[in-house]
Amino acid sequence: MKNMTIAELLERYPFVEDYFQQNRLQVTGFEHLTFEAYLQHFSAEEIEDKAIDIERFLPELETYIEKMLEFLGVQDDNTVQSLTIIPGTDKNGNPEKFENLTVLPSQIISIVGPTGSGKSRLLADIEWAAQGDTPTGRSILINDKMPDPKWRYSANNKLVAQLSQNMNFVMDLRVGEFLEMHAQSRMVQNPEQMSARILEAANHLAGEKFLVDTPVTSLSGGQSRALMIADTAILSTSPIVLIDEIENAGIDRRRALELLVSEDKIVLMATHDPLLALMADRRIVIQNGGIHAVLTTTEEEKSLLLELDKIDGIIQSARRKLREGSLLTKQEIFK
Ligand SMILES: Nc1ncnc2c1ncn2[C@@H]1O[C@H](COP(=O)(O)OP(=O)(O)OP(=O)(O)O)[C@@H](O)[C@H]1O
Ligand SMILES: [Mg+2]
């Protein structure tokens with residue numbers, strides 16, 4: 001907390017605003033400073049006038065944050081420095097042949113392999129923080145340690161934000177209500193504003209626009225997927241993002257990935273799409289339920305990605321024109 005700027009504090013713990021108000025600390029304009037630096041900017045005169053007690057404020061804010069987190073029932077220790085996968089067995093019970101695989105924040109790992117080979121299973125192992133208690137017998141370490149079991153059960157402070165292949169909404173809510181409810185549960189100060197931002201991002205990914213008062217149950221598959229992606233990207237504080245096949249939703253998959261990836265997150269993505277697979281730093285190859293190889297994307301592949309991207313552009317534009325009801329011409333498509 002000591003090294004966080006006031007802006008970061010407000011973002012992570014929106015309730016500190018109340019603390020500043022209660023103590024009549026005008027932090028506006030000083031958001032780029034740490035709390036300590038902010039306290040130190042006061043002149044000796046101001047310190048006396050306003051009875052600012054630097055010695056008191058610093059530990060007090062720390063305690064305040066701790067108590068509030070406790071009160072709200074959210075723990076604060078979900079910083080993840082590393083995720084490690086320890087080998088288990090494939091579908092025949094043969095040991096997987098890879099060394100412990102460690103992934104660090106800001107890295108993207110893709111997972112490739114034939115249909116039914118076990119890609120979703122690997123994501124599920126991570127989501128469940130498996131400890132040899134899944135069909136694969138794999139174990140997952142977080143920060144080189146066995147993860148706290150609270151991550152399995154806590155809805156508030158999830159280790160993992162998962163975008164699964166099945167996204168079934170059961171609640172009878174409108175889009176706006178759903179988003180605001182979610183934002184509130186995340187202790188966001190401005191749920192309405194946040195919900196508008198998510199809706200905008202979602203519509204940016206989806207084809208036909210939907211509105212705040214569209215019932216969640218009447219969204220199409222692609223639209224609800226777009227909504228979940230935007231919601232996860234903007235609202236989720238989970239340090240690990242698991243993505244199961246964003247390409248099949250008929251949404252802008254590249255934009256979706258860009259939205260989801262952020263500097264401090266670990267991203268694992270199962271995909272059948274060569275473009276997405278090559279956008280990753282490394283890729284896990286799954287065969288017969290086991291991790292068969294872990295490959296680093298080569299320079300040649302990265303430059304190949306640019307070529308593939310051009311081809312993809314052609315396909316996308318054909319898709320767009322077909323969707324719009326146009327007739328395709330060779331000249332227009334390959335221009
Ligand atoms: N190591 C393993 N041991 C036992 N069962 C496994 C193992 N790996 C995967 N399975 C099982 O194999 C089945 C298919 O796996 P999964 O759904 O993960 O495939 P997938 O690669 O995601 O396929 P798709 O591309 O169709 O999504 C599941 O029932 C899964 O639990
Ligand atoms: Mg799958």
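Both ligands and their constituent atoms are indexed starting at 1 by order of listing. The chain is numbered in sequence order, starting from 1.
- In the displayed structure, Glu200 atom CD is contacted under 6.0 Å by at most 12 heavy atoms of other residues, nucleotides or ligands.
- In summary, the atoms of ligand 1 found under 4.0 Å from a heavy atom of Lys119, numbered by their order in the structure, are 18 (O), 19 (O), 20 (P), 21 (O), 22 (O), 23 (O), 24 (P), 25 (O).
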Walk me through it: do Arg283 and Leu278 pass the test side chain to side chain contact (heavy atoms under 4.5 Å, CB included)? CA-CA 8 Å; Arg283 63 182 181 276; Leu278 292 178; 3.8 Å; yes
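- The part of Asp90 lying near ligand 1 is the backbone, judged by heavy-atom distances below 4.0 Å.
- Across every non-hydrogen atom of Ala277 and Val112, the tightest pair is CB-CG1, 3.8 Å.
- Contact analysis puts Ser117 in contact with ligand 1, with a non-hydrogen atom separation below 4.0 angstrom.
- Near Pro114, meaning under 4.0 Å from one of its heavy atoms, ligand 1 places the atoms 21 (O).
- Close to ligand 1: Gly116, with a non-hydrogen atom less than 4.0 angstrom away.
- Looking at Ile140 and Glu127, their side chains never come closer than 4.5 Å, going by heavy atoms from C-beta outward.
- When the heavy atoms of Glu245, Arg138, Arg121, Lys91 are ranked by distance to atom 30 (C) of ligand 1, first place goes to Arg121.
- Of all atoms in ligand 1, listed by their number and element, those nearer than 4.0 Å to a heavy atom of Ser120 are 17 (O), 18 (O), 20 (P), 22 (O), 27 (O).
- At a 4.0 Å heavy-atom cut-off, ligand 1 touches Thr89 through the backbone alone.
- Ring geometry, Tyr19 versus Tyr64: the interplanar angle falls from 30° to 60°, so the pair is classed tilted.
- Taking backbone and side chain together, Thr115 holds no N, O or S atom under 2.8 Å from the Mg ion (ligand 2).
- Between Asn94 and Thr89, the side chains place no donor N or O within less than 3.5 Å of an acceptor N or O (distance only, hydrogens not considered).
- A centroid separation of less than 6.0 Å is found between the aromatic rings of Phe35 and Phe20.
- Around CD of Gln22, the count of heavy atoms belonging to other residues, nucleotides or ligands within 6.0 Å exceeds 12.
- For atom 3 (N) of ligand 1, the nearest non-hydrogen atom from the set Pro135, Gly290, Gly289 comes from Pro135.
- Listed by atom number, the atoms of ligand 1 under 4.0 Å from Gly118 heavy atoms are 9 (C), 15 (O), 16 (P), 18 (O), 19 (O), 20 (P), 21 (O).
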